[in-house]
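Working notes, structure below.
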Amino acid sequence: MTTTESRLHRIREAAQPLLLGAAHAFTFSNGPLPGWLLPYAQILILVFLARHIWQCRRTVRAAQAGFLFGFGHFALGFYWLYISLHHFGGLAPALSVAAVLVLAGAMALYPALATGLAYFLTRGLRQPGGHFFGLALSAAIWASCWALTEWLRGTLFTGFPWLNIGYAHAGGLLTGWAPIFGVYGVAWLAAFCAAAVALLIQAHKTTEDSRAAAAVALAIVLSVAGFGLSQLNWSAPTGHPVLVRLVQGGVPQSMKFDPQRMQQGIETYMKLAALPPKQAGAEPDIIILPETVMPQFQNRYPPQVWQDWKNIARERNATLVMGIPIMSDTETGTRYTNSVIALTAETPVQDLITGTTRHRYDKHHLVPFGEFIPPGFRWFVDALNIPLGDFNRGSTRQSLFALKGQIIAPNICYEDVFGEEIIPALHDSEQYGPGATLLVNVSNLAWFGDTWALRQHLEIARMRALETGRPMLRATNTGMTAAIDPNGTVRAALLPEQPGVLDVEVQGMQGLTPYARWGNLPVLALSLLLFAVGVFAGRQTGTK
């Protein structure tokens with residue numbers, strides 16, 4: 001091979017996983033493909049990646065290919081961060097691009113670790129003449145490496161599990177496994193199916209052909225079983241249905257925190273919340289407004305503003321649930337929290353001004369750089385023009401909102417990315433009372449415009465509904481405002497960036513799914529066990 005041919009070969013070898021990663025990013029949003037096709041397109045892309053990895057000659061090459069795949073995936077999948085950094089944060093274009101690429105590179109280390117480990121542990125199991133157990137174990141080890149590294153990405157340094165490969169399967173054959181093993185279990189299954197097919201392609205017309213076909217058959221069985229499991233009901237109705245209004249103001253981010261236009265945004269939400277129902281007698285019981293619908297701290301508003309909200313609650317005979325930053329004095333000093341409160345016509349104005357309402361939830365899992373400053377990065381945050389950037393954390397477990405015969409567990413924006421942090425609210429507690437029957441997420445994604453971020457977040461919310469067996473209600477500033485059934489189906493949604501209200505009847509649910517009982521423990525235990533088997537098998541084959 002000439003020098004030019006060798007160089008072209010290396011370029012093609014690098015371009016393939018990079019392009020596969022970029023294509024993979026499309027499977028997490030409604031792009032050129034119809035929504036029902038996305039989970040199958042994702043597995044097909046992972047098939048090509050696994051085949052590429054199995055053909056590598058060294059572990060370091062497999063890890064490099066995994067890094068390139070991850071870099072393409074995250075660089076394109078996170079492109080919307082550029083909008084928040086440059087258009088709203090005021091960071092220079094070059095620095096904004098660099099920040100997105102640095103984040104993509106950091107996140108790409110996890111798929112690099114997955115592919116490198118999977119290749120290393122299975123190198124002896126995939127040799128010609130191998131038996132069915134070896135090929136099936138290779139696919140299982142590949143899946144375990146992916147599940148473990150996805151879990152690490154969602155845990156280390158406060159975690160950033162956005163675009164976990166399992167989120168492409170909020171619909172499709174594998175969704176039935178979500179209430180049992182959660183998103184990491186679904187990620188394991190998607191990776192296993194892809195690896196099994198890749199092994200079949202690699203083994204075509206060899207002595208391993210029939211054995212690899214058996215591995216594919218196992219993947220098909222798991223997929224069909226997932227469809228069967230999706231027909232089961234893991235939770236049951238409780239209480240009477242409630243009418244809920246979800247409000248989307250469509251207030252641009254450039255206007256939301258502008259002191260000259262801030263009141264206009266609040267008035268937009270007041271008008272939408274006060275709208276009479278389209279059908280007579282269908283008054284909403286609960287009106288849910290987005291994160292920071294009141295963008296200043298609660299004690300900076302005159303009493304009349306709070307009285308206006310109380311008047312709307314009285315006029316509609318409803319409880320208002322809204323997001324607002326709260327400043328409160330405690331024995332340890334002043335605390336600043338990103339919060340959700342509930343108010344009625346009877347709520348004292350003084351309680352609203354002091355932030356001491358009966359129903360209040362303080363965000364626990366804060367966004368790095370947006371809501372808290374990681375050590376050593378003050379210089380970066382100072383370069384951005386982002387308000388409300390350094391909050392205190394709320395407690396990991398807080399009192400839920402008992403409203404209209406249902407128990408509501410609120411979470412704010414990014415928090416619903418962490419399924420394991422939501423499931424404690426489903427459990428009955430002597431201290432906090434009955435577990436949640438409804439999940440409510442309030443968000444403001446106006447930072448990212450009408451981009452993939454909105455659709456990606458909707459798929460995450462669908463997965464939370466599947467995992468918990470609870471309806472998920474989303475009230476957002478610019479999208480996607482939606483009502484999601486316990487089976488992950490989007491019942492109704494508003495168009496992005498368009499002001500409007502979504503009035504829906506919602507039935508609260510009770511009962512615990514297997515995932516709500518055990519969390520991530522089963523899939524982590526299975527993955528670690530298979531990882532250990534892979535280490536042992538690799539040593540055994542290495543001594544022969």
Side-chain angles (χ1 to χ4, degrees), residues 28-30 35 80 167 170 242-253 255-256 265-278 282 284-295 312 316 318-324 338 340-342 361 363 401 403 408-417 438-465 470-486 488-507:
F28 293 82
S29 63
N30 293 331
W80 37 266
Y167 286 124
V242 293
L243 285 171
V244 179
R245 169 170 292 178
L246 306 174
V247 184
Q248 177 174 294
V251 178
Q253 192 63 26
M255 171 181 171
K256 189 173 180 64
I266 296 174
E267 290 173 357
T268 296
Y269 275 105
M270 287 183 171
K271 291 176 182 177
L272 290 170
L275 285 175
K278 293 182 179 180
D285 300 302
I286 304 171
I287 300 174
I288 303 176
L289 302 110
E291 175 187 19
T292 59
V293 67
M294 303 280 281
I312 293 172
R316 296 272 67 89
T319 299
L320 305 185
V321 177
M322 67 175 66
I324 181 171
N338 188 3
V340 175
I341 62 170
Y361 170 78
K363 189 174 184 181
F401 292 13
L403 303 175
I408 293 177
N411 55 84
I412 301 175
C413 197
Y414 178 70
E415 285 188 307
D416 70 350
V417 184
L438 296 173
L439 302 180
V440 170
N441 178 268
V442 298
S443 296
N444 174 35
L445 297 186
W447 293 103
F448 312 116
D450 185 7
T451 63
W452 288 357
L454 278 60
R455 285 80 177 176
Q456 291 169 358
H457 202 183
L458 180 63
E459 297 306 294
I460 289 169
R462 292 179 64 193
M463 186 62 70
R464 297 293 87 83
R470 298 292 190 278
M472 169 68 87
L473 303 176
R474 307 190 72 240
T476 71
N477 180 29
T478 56
M480 301 280 293
T481 296
I484 305 171
D485 282 343
T489 301
V490 178
R491 284 181 54 195
L494 296 176
L495 293 174
E497 297 191 318
Q498 300 298 314
V501 299
L502 192 62
D503 290 349
V504 291
E505 184 179 76
V506 183
Q507 174 63 64

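Every heavy atom of this structure was used, including side-chain atoms; hydrogens, water molecules and symmetry mates were not. A quick note: this is a predicted structure, and the numbers were derived from the prediction, not measured.
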Can you name the residues that form a side chain to side chain donor-acceptor pair (under 3.5 Å) with [X], not counting sequence neighbours?
X	answer
Arg462	Glu459
Ser443	Asn441
Asp285	none
Asn444	Gln253, Asn477

So which atom in [X] and which in [Y] form the shortest heavy-atom distance, rounded to 0.1 Å?
X	Y	answer
Pro290	Val442	C-CB, 3.8 Å
Tyr269	Val247	CD2-CG1, 3.6 Å
Asp485	Ala465	O-CB, 3.5 Å

- Message: Ala273: which residues meet the side chain to side chain contact (heavy atoms under 4.5 Å, CB included) condition with it, sequence neighbours left out?
- Response: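 In terms of side chain to side chain contact (heavy atoms under 4.5 Å, CB included), with neighbours along the sequence ignored, Ala273 is linked to Ile287, Leu289, Trp309, Ile312.
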
Going by heavy atoms in the side chains, are [X] and [Y] under 4.5 Å from each other?
X	Y	result
Trp452	Phe28	no
Ile408	Leu473	no
Thr478	Asp450	no
Leu439	Ile484	no

- ring pair (Phe, Tyr, Trp, His ring centres under 6.0 Å) partners for Phe401, two or more places apart: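 For Phe401, the residues satisfying ring pair (Phe, Tyr, Trp, His ring centres under 6.0 Å) (neighbours in sequence not counted) are His359.
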
- Item | Contacts of Phe448 that satisfy ring pair (Phe, Tyr, Trp, His ring centres under 6.0 Å) - sequence neighbours left out |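 In terms of ring pair (Phe, Tyr, Trp, His ring centres under 6.0 Å), with neighbours along the sequence ignored, Phe448 is linked to Trp80.
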
Give a yes or no on whether the backbone of [Y] and the side-chain of [X] come within a donor-acceptor separation of less than 3.5 Å.
X	Y	value
Arg470	Ala409	no
Arg245	Asp503	no
Thr476	Gly479	yes

- Query: About how many Å separate CG of Leu272 and CG of Leu246, when rounded to the nearest 0.5 Å?
  - Reply: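 The distance works out to 12.0 Å.
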
- Pairwise distance CD1(Ile460) to CD(Gln456) - rounded to 0.5 angstrom: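 The distance works out to 7.0 Å.
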
- Message: Tell me which pairs pass salt bridge (charged side-chain N to carboxylate O under 4.0 Å, His left out) where either residue lies in residues 438-448, with sequence neighbours left out.
- Response: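 Checked against salt bridge (charged side-chain N to carboxylate O under 4.0 Å, His left out) - neighbours excluded - no pair reaches residues 438-448.
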
Side-chain donor-acceptor pairs under 3.5 Å in residues 490-499, sequence neighbours left out?
from: Arg491; atom 1: NH1; to: Glu505; atom 2: O; distance (Å): 2.6
from: Arg491; atom 1: NH2; to: Glu505; atom 2: O; distance (Å): 3.3

- Item | Residues forming a salt bridge (charged side-chain N to carboxylate O under 4.0 Å, His left out) with Arg474, sequence neighbours excluded |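 Testing Arg474 for salt bridge (charged side-chain N to carboxylate O under 4.0 Å, His left out), a comparison that skips the adjacent residues, returns none.
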
